[in-house]
Amino acid sequence: MSSHLAPPSLAGAPSSADLLSLLSGFLQGTRYEGNLQSLMVCRPNIEQDPPEAVFTAILESMRANSDRDPLTGLLNTSAMEERLTSALAFARRHQSKVVLLTIGILGFRDLRDTLGRKKSDWILQWLAQQLRTVVRKEDILARDQNEFILGMAVSKVDDVEIIVSKLREIFNIPVPNIEEHIFISLMIGASIFPNDGGNVDDLVVKSQTAMRRSPGDCQYQFFSDEMQRGAKDRLQMVQDIRDGLEHNEFAVYYQPKIDLMTGTILGFEALVRWLRPGKGMVSPGLFIPAAEESGLVVPLGIFVLRTACAQLKKWHDMGYMHLHMAVNIASQQLRDEAIVRVVEEILTSTRLFPDRLELEITESSAMVSVEKTIQLLASLRQRGIQIAVDDFGTGYSSLSYLKRFPITTLKVDQSFVRDLPGDLDSLEIVNAIIAMGRSLGFKTVAEGVETAAQEAVLRTAGCHAVQGYLYSKPVPAAEITPLLSKSFR
Ligand code: C2E
Ligand code: MG
Ligand code: MG
């Protein structure tokens, strides 16, 4: 662009102000998107300096600004492309590696719809400022619409972890200067030169594909070929889930939990099912990942919570007041304090006792943003709501952390139950989890119990409750009602 700007003849010695207005007029006819005011800021002595010096300074400043994204001041995409191309050429000559990260905000579209453009622009600006603080001077950092691209020459791929762990610390606080209490959850995808591609376009697309597989919470995904094949299908899946929610295609099934002391049903776990017209029932393992990726797991989770609470109230009204309901809560639902209000509103409208509701969270979702999660769970606990850790033993299992969480129940993962009683490792793990749960004052529930032999081991270990196909598969509410007074001994 600057090549179009031939310096005017200075023979008539126009004043600096004339020159500026000339430039300003010229700029309006060009594609220059920066702010003329920002050009002037760089020359405080505009009235004193000789016009040619002002002109040169403005040109220089324009050249620098034309590389920049006006909203965040980071590189724009064309400057990024240019610099990355050079970085790749350098890496090719020196047989070194370049990692390209695409960083996005989970559920940004919903955030923008809720907060409006001004606040969501501020979030992008704040994010850009934060990113600047963790990158090195030689790294290439750019904004591409709602995403950020970071190119780094690395000696080893593990260096990604260093950057990402810094990001985790930074984004553990709510976005400042807006009244809504919003924590942003970053999705990060990575591609590597030369492994994943030889040119900028290829690497950017691949890191974007990988980013869409990131569950948020600053967890990153490296690109793999399998992702590319799956990406198209998932996009379609997200659209189908959106349509499914609109057309009431989702249902809630219930699986009883049996009290090992009494042999009777003490409560249920609510499990979502997708009844797709013409395709039969789809299990959550197939659609929850896409729902999480797209943020749709939040409205879906609210639907499950509402439906399950309303159903439990019906069973209470039939006289089974002791029954409780456990509902799975996705990691994303835990990132936002709105969950506390939603749960409260649902409990009030269904007129349920809060202590009859249990929320199941996974270890991994609890372990990200630990302090924030503890706070949020504590405010749920204060209201009497029970908190279970699902799939216990498969995640971080950090005992010191666990003690700090206000939880009430441990759910022993079915992978440990599956090989009972024959497998000694499983036996030891199950015994240890139950003993530990007991000493910390938690109830223990074993999942995936399919045989009487498994039940016997769990009973001996002192497990409180069991859940599995031995008693019942997850079924629609109508099939549960006849089981309510049944003994499973
Ligand atoms: P989960 O919460 O650990 O649920 C237990 C899973 O084990 C369920 O699979 C259940 O059908 C299955 N199961 C129960 N008993 C047995 C058994 O004896 N043997 C075996 N092999 N499996 C058993 P399902 O319903 O397919 O759900 C899978 C996962 O999907 C759940 O794991 C949970 O993480 C997620 N999920 C289900 N419903 C929801 C929901 O409403 N919201 C969220 N966020 N996640 C959900
Ligand atoms: Mg569960
Ligand atoms: Mg589980």
Suppose we call two aromatic rings close when their centres sit under 6.0 Å apart. Are Tyr469 and Tyr471 close by that rule? no
Indicate yes or no: does Asp67 engage Arg83 in a salt bridge with an N to O separation below 4.0 Å. yes
Look at Asp240 together with Arg276 and state whether they make a salt bridge at an N to O cut-off of under 4.0 Å. yes
Is it true that atom CZ of Arg136 has more than 12 heavy atoms of other residues, nucleotides or ligands lying nearer than 6.0 Å? yes
Between Asp121 and Lys118, does any NZ, NE, NH1 or NH2 come within less than 4.0 Å of an OD or OE carboxylate oxygen? no
Heavy-atom count around Arg92 CZ within 6.0 Å, excluding the residue itself: above 12? yes
Verify the ring-centre separation between Phe442 and Phe392: is it less than 6.0 angstrom? no
Lys/Arg-Asp/Glu bridge criterion (N-O < 4.0 Å) met for Asp317, Lys314: no
Under 6.0 Å from the CD atom of Glu161, do we count more than 12 heavy atoms belonging to anything else shown? yes
Just checking, is any N or O donor in the side chain of Thr77 or Arg143 under 3.5 Å from an acceptor N or O on the other one? no
Glu82 atom CD, neighbour heavy-atom count above 12 within 6.0 Å: no
What distance separates Arg351 CZ from His316 NE2, expressed to the nearest 0.5 Å? 12.5 Å
Salt-bridge present (Asp391, Lys411; N to O < 4.0 Å): no
The reported gap from CZ in Arg383 to OG in Ser379 (rounded to nearest 0.5 angstrom) is 5.0 Å
Honestly, is Lys372 close enough over Phe183, meaning NZ or CZ under 6.0 Å from the six-membered ring centre and within 45° of the axis? yes
Short side-chain donor-acceptor distance under 3.5 Å, Glu358 and Thr409: yes
Pair Trp315, Thr481: side-chain N/O donor-acceptor within cut-off below 3.5 Å: yes
Between Ser472 and Tyr254, is there a side-chain donor-acceptor contact under 3.5 Å, judged purely by atom types and distance? no
Regarding Lys257 and Glu269, does a basic nitrogen lie under 4.0 Å from an acidic carboxylate oxygen? no
Can you check side-chain contact (heavy atoms from CB on, under 4.5 Å) on Gln454 and Val417, steps first, answer last? CA-CA 7 Å; Gln454 290 168 344; Val417 175; 4.1 Å; yes
Could you tell me whether the side chains of Glu292 and Gln332 share a donor-acceptor contact shorter than 3.5 Å? no
